[in-house]
Undergrad: 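Here it is, the structure, as structure tokens.
So that the names make sense, note that chain A is the first sequence line, chain B the second, and so on, each numbered from 1. Since this is a predicted model, take the numbers as computed values, not measurements. Side chains included, hydrogens not; waters and symmetry mates left out as well; all remaining heavy atoms used.
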Amino acid sequence: MQQLVRAGARAWLRPRGCRGLSALTEEAVQSAEKPEPLANAGPQAPVLRRCELPVPLHRRPVQAWVESLRGYEQERVGLTELHPDVFSTAPRLDILHQVAIWQKNFKRISYAKTKTRAEVRGGGRKPWQQKGSGRARHGSIRSPIWRGGGVAHGPRGPTSYYYMLPMKVRVQGLKVALTVKLAQDDLHIVDSLELPTTDPQYLTELARCRRWGDSVLFVDLEHEDMPQNVVAATSGLKTFNLIPAIGLNVHSMLKHQTLVLTLPTVAFLEDINTGKRAARQRPTSLFHVRYILFCNQRGEALQLMAVL
Amino acid sequence: MAGSLSWVAGRRLWGMVPLACRSFFLGVPRLFHVRVTLPPPKVIDRWNQKRAMFGVYDNIGILGNFEKHPKELIKGPVWLRGWKGNELQRCIRKKRMVGNRMFIDDLHNLNKRISFLYKRFNRHGKHR
């Protein structure tokens with residue numbers, strides 16, 4: 001554990017634009033500099049990943065363990081930084097609700113249809129004369145008050161319930177869902193989805209060992225690059241599902257108890273959610289311009305900070 | 001109610017009380033059958049393929065570089081994919097898109113419905 005922390009701290013030792021590990025690890029590096037001999041024969045180097053995208057100055061990246069699916073005990077294989085705007089936004093439950101309800105309803109087409117009095121077969125003739133027969137007056141035998149008559153205000157034809165939420169609301173819904181999963185310890189990051197066997201039993205045992213819960217959603221980056229073992233194992237199980245990164249959505253994240261992302265998927269999601277495409281932001285405010293300048297010119301960073 | 005019917009002497013005559021002023025405790029005719037046992041519970045599989053994979057690819061636009069829109073995922077009648085309208089709008093859209101290949105009776109009913117709804121929406125009620 002200490003080796004991991006020190007190795008990570010050493011990798012981050014050079015000062016960069018983004019904030020690295022917490023102050024405690026930096027102090028640990030500065031205090032103990034002597035090389036320690038490797039106690040175990042062949043522990044692999046820890047998998048470390050940092051945020052490529054610029055992090056706002058007032059926030060630090062969130063950290064998460066990187067796990068591995070190759071063995072039952074291989075938790076904490078590495079450490080990764082996650083962008084705070086994606087994995088640590090405000091927990092907007094109202095946005096989550098909006099997006100979940102949108103997902104449920106926008107595809108809905110209701111096929112319920114009833115016949116009106118004009119469409120029911122027959123009923124063109126007046127059943128008996130207006131006056132003189134002693135019975136109530138009627139114009140047709142298919143009016144809504146008659147048995148076998150048409151329905152007055154029933155469902156009419158295939159109805160669609162389509163609507164679209166603004167794109168930014170849908171994007172924010174994804175970010176909030178990822179934040180909530182991470183905050184509630186239901187998000188696990190994995191270096192890759194490689195399994196030692198094709199047996200579905202291995203996955204269930206692994207989930208039981210690590211206390212992941214009843215249902216797990218595995219997310220890989222591309223459909224073609226998924227390892228054969230995972231595909232075979234998850235196709236045999238109902239509650240363990242595998243989707244590509246394009247298929248990620250709030251409903252699936254809420255339906256499955258645990259979410260397992262690979263490192264390339266995390267990079268893809270951060271790029272989408274903070275990149276220029278989804279939000280289509282242009283640096284209009286002065287603060288934004290100042291911030292970009294700071295990130296681009298590393299050599300003159302301190303000078304700019306002093307000036308502005 | 002009991003006071004007004006007190007003149008009906010004897011238990012036999014309670015059966016002749018008309019249905020409108022009848023109390024439930026007099027008994028219900030056996031034609032109005034209500035079940036006294038629960039039906040067998042309906043077993044619903046919450047994790048079948050459709051329910052487990054519901055909602056996947058809904059964000060194909062924002063995550064997939066905007067090559068496809070989620071409205072292209074909707075399966076249904078041609079005149080309703082990725083579109084919403086009230087009944088008159090739906091009838092008009094159906095007539096424009098598939099009216100030339102409908103059955104004659106269905107087209108006739110559709111035309112009648114359009115003219116009825118047009119007159120209803122534009123001439124009656126509060127909103128014209």
Undergrad: Is it true that K107(A) and D58(B) have a side-chain N and a carboxylate O under 4.0 angstrom from each other?
TA: yes
Undergrad: If I take atom CZ from residue F54(B) and atom CD from residue Q103(A), how far apart are they, to the nearest 0.5 angstrom?
TA: 7.0 Å
Undergrad: Between CG of L248(A) and CD1 of I60(B), what distance do you get to the nearest 0.5 Å?
TA: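 One gets 12.5 Å once the value is rounded to the nearest 0.5 Å.
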Undergrad: Take a 6.0 Å sphere around CZ of R128(B) and say whether it holds more than 12 heavy atoms from other residues, nucleotides or ligands.
TA: yes
Undergrad: Atom CZ of residue position F121(B) - does it have more than 12 heavy atoms of other residues, nucleotides or ligands inside 6.0 Å?
TA: yes
Undergrad: Chain A: which of M53(B), H108(B), K84(B), K94(B) shares the most heavy-atom pairs with it under 4.5 Å?
TA: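 Between M53(B), H108(B), K84(B), K94(B), the count favours K84(B).
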Undergrad: With rounding to the nearest 0.5 angstrom, report the CD1 to CD1 distance, I62(B) to I246(A).
TA: 12.0 Å
Undergrad: Counting only non-hydrogen atoms closer than 4.5 Å, does T116(A) touch chain B with its backbone (N, CA, C, O), its side chain (CB onward), both, or neither?
TA: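 T116(A) touches chain B through side-chain heavy atoms alone.
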Undergrad: Taking all non-hydrogen atoms of both residues into account, name the closest pair between L269(A) and L63(B) and its distance.
TA: CD2-CD2, 4.2 Å
Undergrad: Any heavy-atom pair between the side chains of F106(A) and P70(B) that's under 4.5 Å?
TA: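 Result yes, sub-4.5 Å side-chain heavy-atom pair found.
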Undergrad: About how many Å separate NZ of K75(B) and CD1 of I109(A), when rounded to the nearest 0.5 Å?
TA: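 Spacing of CD1 (I109(A)) from NZ (K75(B)) equals 11.5 Å.
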Undergrad: In Å and rounded to the nearest 0.5 Å, what is the OG to CZ distance from S215(A) to R46(B)?
TA: 13.5 Å
Undergrad: Please rank N109(B), N48(B), L73(B), D105(B) by heavy-atom pairs under 4.5 Å with chain A and give me the top one.
TA: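 So the answer, after comparing N109(B), N48(B), L73(B), D105(B), is N109(B).
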Undergrad: Please check: side-chain N/O of N249(A) versus main-chain N/O of Y57(B), any donor-acceptor pairing under 3.5 Å?
TA: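 No, the answer is negative, given that no donor and acceptor are paired below the 3.5 Å cut-off.
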Undergrad: Where on W83(B) is there a heavy atom nearer than 4.5 Å to chain A: the side chain, the backbone, both, or neither?
TA: backbone
Undergrad: Return the option, out of P158(A), S252(A), A100(A), G173(A), with the maximum number of heavy-atom pairs under 4.5 Å with chain B.
TA: P158(A)
Undergrad: Starting at OH of Y111(A), measure out to CG of L80(B) and round the result to the nearest 0.5 Å.
TA: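 Y111(A) OH to L80(B) CG: 8.0 Å, rounded to 0.5 Å.
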Undergrad: Is it the case that atom CD in Q228(A) sees more than 12 heavy atoms from other parts of the structure closer than 6.0 Å?
TA: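 No, the 6.0 Å shell around CD holds no more than 12 heavy atoms from other groups.
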Undergrad: Answer yes or no: does atom NE2 of H223(A) have more than 12 heavy-atom neighbours from other residues, nucleotides or ligands under 6.0 Å?
TA: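 Check fails, neighbour count at 12 or below.
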Undergrad: Given side chain to side chain contact (heavy atoms under 4.5 Å, CB included), test D214(A) with W47(B) step by step and report yes or no.
TA: CA-CA 11 Å; D214(A) 292 326; W47(B) 287 97; over 6 Å; no
Undergrad: Surrounding CD1 of I104(B) (heavy atoms of other residues, nucleotides or ligands, distance under 6.0 Å), is the total greater than 12?
TA: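 Incorrect, the count does not exceed 12.
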Undergrad: Taking V99(A), V250(A), L217(A), L174(A) one by one, which has the highest count of heavy-atom pairs under 4.5 Å against chain B?
TA: L174(A)
Undergrad: List the steps and the verdict of side chain to side chain contact (heavy atoms under 4.5 Å, CB included) for K238(A) and Q49(B).
TA: CA-CA 8 Å; K238(A) 278 190 173 181; Q49(B) 179 63 17; over 6 Å; no
Undergrad: Please state whether the side chain, the backbone, both or neither of D106(B) comes within less than 4.5 Å of a heavy atom of chain A.
TA: neither
Undergrad: Check each atom of R81(B) against the heavy atoms of chain A and say whether the ones under 4.5 Å are side chain, backbone, both or neither.
TA: neither
Undergrad: Does H153(A) NE2 have over 12 foreign heavy atoms under 6.0 Å away?
TA: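 No, not enclosed.
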Undergrad: Counting N and O atoms only, with roles assigned by atom type, does the side chain of R90(B) sit under 3.5 Å from a partner on the main chain of R156(A), one being a donor and the other an acceptor?
TA: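 Yes.
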Undergrad: Pick from M164(A), K255(A), E119(A): which one has the most heavy-atom pairs with chain B under 4.5 Å?
TA: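 Heavy-atom pair counts peak at K255(A).
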Undergrad: Has K104(A) got more than 12 heavy atoms of other residues, nucleotides or ligands less than 6.0 Å from its NZ?
TA: no
